[in-house]
**Q** 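Got a structure for you, questions after.
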Amino acid sequence: MLLWTALGLALSLALALARSGAENGPQASAPQGDLLFLLDSSASVSHYEFSRVREFLGQLAAPLPLGPGALRASLVHVSSRPHTEFPFGQHSSGAAVQDAIRAAAQLMGNTNTGLALAYAREQLFAEAAGARPGVPKVLVWVTDGGSRDPVGPPMQELKDLGVTVFIISTGRGNLLELSDAASAPAEKHLHFVDVDDLHIIAQELRSSILDAMQPQQQLRASEVTSSSFRLAWPPLLTTESGYYVLELAPSSEPGTTRRQQLPGNATGWAWADLDPDTDYDVALVPESNVHPVRPQHLRVRTLPEEAGPERIVISHVRPHSLRVSWAPALGPAAALGYHVQFGPLRGGAAQRVDVPAGGNSTTLQGLAPGTAYLVTVTAAFRSGRERAMSAKACTPDSERSRAPRPPPPPGAPGRGP
């Protein structure tokens with residue numbers, strides 16, 4: 001009898017402990033990471049749009065495994081000056097985070113997103129500000145598509161820290177700028193959604209966030225061109241705890257390895273002078289004298305050679321207009337678009353005409369008769385590089401200037417033969 005009583009007590013105690021653990025929060029196996037919501041709270045967003053985005057973020061956060069030792073969430077407003085609605089670690093459940101997001105009030109002001117990104121890096125994602133070292137970090141930025149200050153540099157600094165960037169645009173933002181700001185590949189990290197349809201992407205975005213929280217690959221490549229790319233990784237060492245050895249070799253020639261030693265506080269490096277359209281194997285080897293850190297491996301393919309416009313042809317020349325044509329850049333490295341600049345050779349304001357991708361000609365209007373012009377066609381590529389070619393053209397005198405002069409009035413002195 002005593003044996004059965006003891007077994008019953010032990011079983012009851014085990015069930016109670018299991019129930020207590022479930023009530024106290026996520027288990028140790030739950031994913032760990034820091035999730036920052038960047039909310040456009042400026043006057044460029046209507047009160048209705050703000051309320052819809054706020055509701056969407058709350059629904060996005062509610063099912064996430066938030067809590068001590070698991071995911072943490074924070075919300076920062078984009079306005080004239082950034083403002084933290086709640087910092088990491090303040091709320092320990094998805095429901096609490098959802099309630100806090102719903103209680104957030106719109107600040108109005110200017111859309112200074114770049115300032116908010118710099119603030120997030122310094123005040124939330126930096127270890128000096130209390131960020132957890134070694135855990136994945138994710139930024140979810142909801143925007144109507146515009147910003148009054150530059151976004152690129154502070155966003156790149158966040159990516160260099162290892163932050164994965166998801167962007168949801170509810171407006172008509174610049175596709176190229178937002179694609180560059182989002183983590184690669186853009187088709188997975190950038191969404192254009194009407195503010196009333198945000199719920200459509202909630203489940204997919206939540207799954208992508210959880211995937212990004214898995215510490216699978218911490219070495220990342222960005223700014224890939226035909227001859228270079230940039231590497232970034234989160235802080236794995238410190239200056240006192242060791243150093244890195246970075247190795248690079250073409251996949252087809254593993255014996256031709258380039259090596260670079262970097263200090264323990266390094267979080268990035270740019271490789272240059274590479275061959276176009278080539279696979280490169282990269283290895284980041286942390287050499288620590290404190291604790292073992294596993295090497296990171298990555299394969300990066302450089303872009304094909306970017307060829308600029310060729311064989312500029314000037315035709316249909318008129319006193320006030322002419323047509324310029326060129327052979328377009330085709331293939332994998334096709335241009336994203338062209339801009340044609342033209343101006344008088346002997347001084348004067350230059351003008352510009354933009355031609356979309358696939359175009360190979362345009363008519364220049366509003367020219368001056370009898371004037372020599374310099375025409376430059378520039379191809380712009382996804383890598384940010386440009387290739388240009390120039391040609392000279394001269395407009396003829398106007399028809400009016402070549403008309404015969406009227407005869408002199410009677411009695412006027414005649415002109416000699």
Side-chain angles (χ1 to χ4, degrees), residues 33 121 125-128 131-138 152-165 180-186 188-189 211-306 332-333 381-385:
R121 178 179 61 81
F125 281 132
E127 290 186 31
R132 292 182 293 178
V135 302
K137 297 173 175 57
V138 171
M155 187 68 87
Q156 186 59 56
E157 291 179 357
L158 285 175
K159 291 179 184 178
D160 289 348
L161 287 177
V163 178
T164 301
V165 180
D180 289 340
S183 291
K188 180 180 177 181
H189 297 87
D211 287 343
M213 291 297 185
Q214 301 299 324
Q216 299 170 350
Q217 179 56 264
Q218 297 176 297
L219 180 62
R220 303 164 185 266
S222 63
E223 301 178 24
V224 182
T225 72
S226 59
S227 61
S228 64
F229 56 79
R230 180 181 178 83
L231 297 170
W233 56 90
L236 304 173
L237 304 172
T238 64
T239 306
E240 295 77 21
S241 66
Y243 61 92
Y244 298 99
V245 175
L246 193 60
E247 300 178 344
L248 173 80
S251 301
S252 59
E253 302 177 63
T256 58
T257 302
R258 294 163 62 178
R259 289 181 175 84
Q260 181 69 39
Q261 183 171 315
L262 301 171
N265 61 350
T267 56
W269 179 261
W271 286 112
D273 300 322
L274 307 179
D275 295 328
D277 202 17
T278 302
D279 284 324
Y280 284 91
D281 289 326
V282 181
L284 177 70
V285 183
E287 299 287 357
S288 174
N289 52 23
V290 176
H291 55 85
V293 183
R294 66 184 181 90
Q296 299 283 313
H297 299 275
L298 187 65
R299 176 167 291 186
V300 185
R301 187 174 186 85
T302 53
L303 297 179
E305 189 92 44
E306 297 166 339
F381 297 92
R382 182 173 297 276
S383 65
R385 295 189 177 189

**Q** With rounding to the nearest 0.5 angstrom, report the CH2 to CG distance, Trp269 to Leu231.
**A**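 These two atoms lie 10.5 Å from each other.
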**Q** Under 3.5 Å, is there a donor-acceptor pair between the side chain of Thr239 and the main chain of Gly264?
**A**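 Answer holds: no.
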**Q** Please report the interatomic distance CZ(Arg121) to CE(Met155), rounded to the nearest 0.5 Å.
**A** 12.5 Å
**Q** With a 3.5 Å distance limit and no angle check, can you tell me whether Thr278 reaches the backbone of Pro276 through a side-chain donor-acceptor pair?
**A** yes
**Q** Could you work out, with side chain to side chain donor-acceptor pair (under 3.5 Å) as the rule, every residue matching Ser227, not counting sequence neighbours?
**A**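 Here the qualifying residues are Arg385.
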**Q** Do the charged groups of Arg230 and Asp160 touch, with an N to O distance under 4.0 Å?
**A** yes
**Q** For Arg301, give me all partners under salt bridge (Lys or Arg N to Asp or Glu O under 4.0 Å), at least two apart in sequence or on another chain.
**A** Asp277, Asp279
**Q** For Leu303 and Phe229: C-alpha separation, side-chain torsions, deciding distance, then whether side chain to side chain contact (heavy atoms under 4.5 Å, CB included) applies.
**A** CA-CA 10 Å; Leu303 297 179; Phe229 56 79; over 6 Å; no
**Q** At what distance, to the nearest 0.5 angstrom, does CG of Leu248 lie from CG of Leu298?
**A** 10.5 Å
**Q** Using the side chain to side chain contact (heavy atoms under 4.5 Å, CB included) rule, take Val165 and His189 through it: C-alpha gap first, then chi angles, then the decisive distance, then the call.
**A** CA-CA 7 Å; Val165 180; His189 297 87; over 6 Å; no
**Q** Return the minimal non-hydrogen interatomic distance between Tyr244 and Leu237, and the atom names on each side.
**A** OH-N, 3.0 Å
**Q** How far apart are the C-alpha atoms of Leu246 and Leu262, what are their side-chain angles, what is the distance that settles it, and do they pass the side chain to side chain contact (heavy atoms under 4.5 Å, CB included) test?
**A** CA-CA 8 Å; Leu246 193 60; Leu262 301 171; 4.3 Å; yes
**Q** If only atom types and distance count, is the side chain of Trp233 paired as donor or acceptor with the main-chain N or O of Ala266 below 3.5 Å?
**A**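 Answer holds: yes.
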**Q** Please name all residues satisfying salt bridge (Lys or Arg N to Asp or Glu O under 4.0 Å) with Glu287, sequence neighbours left out, ordered by chain then number.
**A**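 Here no residue qualifies.
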**Q** Okay, side chain of Lys188, backbone of Ser183: is any donor-acceptor separation there less than 3.5 Å?
**A**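 Looks like no, no N/O pair under 3.5 Å.
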**Q** What pairs with Ser251 under side chain to side chain donor-acceptor pair (under 3.5 Å), at least two apart in sequence or on another chain?
**A**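 By the side chain to side chain donor-acceptor pair (under 3.5 Å) rule, Ser251 matches Asp281, Arg299.
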**Q** Quick check against the 3.5 Å criterion: does Lys159 have a side-chain atom that pairs as donor or acceptor with the backbone of Ala182?
**A**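 Confirmed, Lys159 side chain pairs with Ala182 backbone.
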**Q** If the condition is side-chain contact (heavy atoms from CB on, under 4.5 Å), which residues does Thr267 pass it with, not counting sequence neighbours?
**A**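 For Thr267 the side-chain contact (heavy atoms from CB on, under 4.5 Å) partners, ignoring immediate neighbours, are Pro235.
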**Q** What pairs with Asp180 under salt bridge (Lys or Arg N to Asp or Glu O under 4.0 Å), at least two apart in sequence or on another chain?
**A** none
**Q** Test side chain to side chain contact (heavy atoms under 4.5 Å, CB included) on Thr225 and Thr302 and set out the steps.
**A** CA-CA 6 Å; Thr225 72; Thr302 53; over 6 Å; no
